[in-house]
Amino acid sequence: MMQTLNLVDGVWIPAQTGETFDVLDPATDEVVARVPNGGRADAVAAIEAAARAQPRWRSTTADHRAAILWRLAASMRTQTDRLARLMTREQGKPLAEARGEIAYAASFFEWAAEEGKRLHGEVIPAPTSDKRIMVLRQPVGVTAAITPWNFPAAMITRKLGPALAAGCTMVVKPAEQTPLSALALAELAVDAGVPPGVLNVVTGDPEAIGAAFLEHPAVRVLSFTGSTEVGQHLVARSAQTLTRLSLELGGHAPFIVFDDADLDAAVAGAIASKFRNAGQTCISPNRFLVHHAVHDEFCARMLEACAMLRSGPGCEEGVTTGPLIDDAAVAKVKAHVDDAVARGAVLRCGGEAVRPAAGLTPRFFAPTLLEGVDGSMRLSHEETFGPVVGVREFSDEAEAVAIANDTPYGLAAYFYTRDHARVWRVAEALEYGIVGVNDGAPSTARAPFGGMKHSGMGREGGRWVMDEYTEIKYVSWGLG
Ligand code: ADP
């Protein structure tokens, strides 16, 4: 049972043109399903449904909305296996990771449900005795979300949870590679009691749907997760309507290993953060900076750890590394590796994509370790988005921090050390929104996730996410 229609105003419908597009399994290129190829008219219908549903939804209590979100999270947890299998088919990640993502995705509903109850206002002492000043936090209204394919469920729930909890309605446009997880979530939302129009999902043409989101005056916030290029395009397009944007864009994370690091922990953290989702995460380390005193030992242990990874289709037991999402992704990762080797890096393992068995696509990029990386190479400047560890040596702390900050991106950074004073110095010096200290897996619904510089604006998670979906209103009350 698979939902393959759009949800608009509580009704499951095809695109207005009747057109569809294919959703492919990246491991086999089999057609998993056909979904509506929606466009501007479908997006407008969804926005208008969300606008009609808005007054009633915002007037419900936070407790009422929380109860629905908790029911929705509970049904995700009960149906983890079905949702994870669907995700693996359209996205390719190993089933264990897909199950983990469903739990992570549900946690955003649970967290937001409770944060929605804490949208406290304030009473501020007035400058004169005949007035009182009040500050209210109110839902912004209709919101829209554009989400990527790398986390087909969690990138939706981290937006949808807080929006709904705050009293906003939403239209979601999932990535064209992974619409089925979005539609499955929408089905569970309807069953959990999300009223018609409060959540709408429109699959289809990104440019046309994105334009409708930014041109329609009812949409007050557009939350986007994806590439920096598309983020910049949306910022430019938002100039006319001044639609508020929340942007989570690309990253280029440094992973620094100091000479006093616990190397076992550093290797475990490197493997977990680098190879999750075959390196296709925005907080994936892209630059490994390793102190020369521990360089050889770190590389030797990484080589051993890479040999333990197993590439294959995500639905197979024991597989740790699934296919990359498409041929363009494979070509980019390969180009980064070839460029590094041409400029003098040494390939210790991997280096190319393989076809693990007949009937599978040749998109399984082998876990790759490169030594001798320097600042001239593409992988030192661009997000690789693949399972490639490129190691560069450094000699002192100031040099490592300078290299780490020498990028327009500022999403996540990692470092390993046992020196407490250095923890503070380096954590404060890194120009990144998220810093993992002896921690390769910092993501959680209860902490603020987001970047500096070209990695975006706004924060998702923690109490901060509620700022994205609320307006602050100041009421000045004369006592007469
Ligand atoms: P990636 O390179 O990871 O696929 P993208 O930024 O291209 O990242 O995609 C992230 C999301 O942005 C997807 O839902 C995609 O459909 C959407 N998208 C791509 N191009 C546009 C656009 N011009 N306007 C609005 N959304 C877009």
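Computed from a predicted model, the values in this text were never measured in an experiment. Whatever order the structure lists them in is the order used to number ligands and atoms, beginning at 1.
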Examine the side chains of E471 and Q138 and answer whether a donor and an acceptor come within less than 3.5 Å of each other. no
For Y469, enumerate each residue passing the ring pair (Phe, Tyr, Trp, His ring centres under 6.0 Å) test, keeping only those at least two apart in sequence or located in another chain. none
Under 3.5 Å, which donor-acceptor pairs do the side chains of residues 173-181 form with other protein atoms, sequence neighbours left out?
from : atom 1 : to  : atom 2 : distance (Å)
S181 : OG     : E90 : OE2    : 2.6

Non-neighbouring partners of E229 that pass side-chain hydrogen bond (donor to acceptor under 3.5 Å, both in side chains), sequence neighbours left out: none
Between ligand 1 and the protein, give all atom pairs where both partners are nitrogen or oxygen and the distance is under 3.5 Å, as lines of names plus distance to 0.1 Å.
from     : atom 1 : to   : atom 2 : distance (Å)
ligand 1 : 3 (O)  : W149 : NE1    : 3.4
ligand 1 : 4 (O)  : W149 : NE1    : 3.0
ligand 1 : 6 (O)  : S227 : N      : 2.8
ligand 1 : 6 (O)  : S227 : OG     : 2.7
ligand 1 : 14 (O) : T147 : O      : 2.6
ligand 1 : 14 (O) : K173 : NZ     : 3.2
ligand 1 : 16 (O) : K173 : NZ     : 2.9
ligand 1 : 16 (O) : E176 : OE1    : 2.6
ligand 1 : 23 (N) : E207 : OE1    : 2.7

Under a 4.0 Å threshold between the charged nitrogen and the carboxylate oxygen, would D81 count as salt-bridged to R99? yes
Salt-bridge criterion met for R89 and E30 (N-O under 4.0 Å): yes
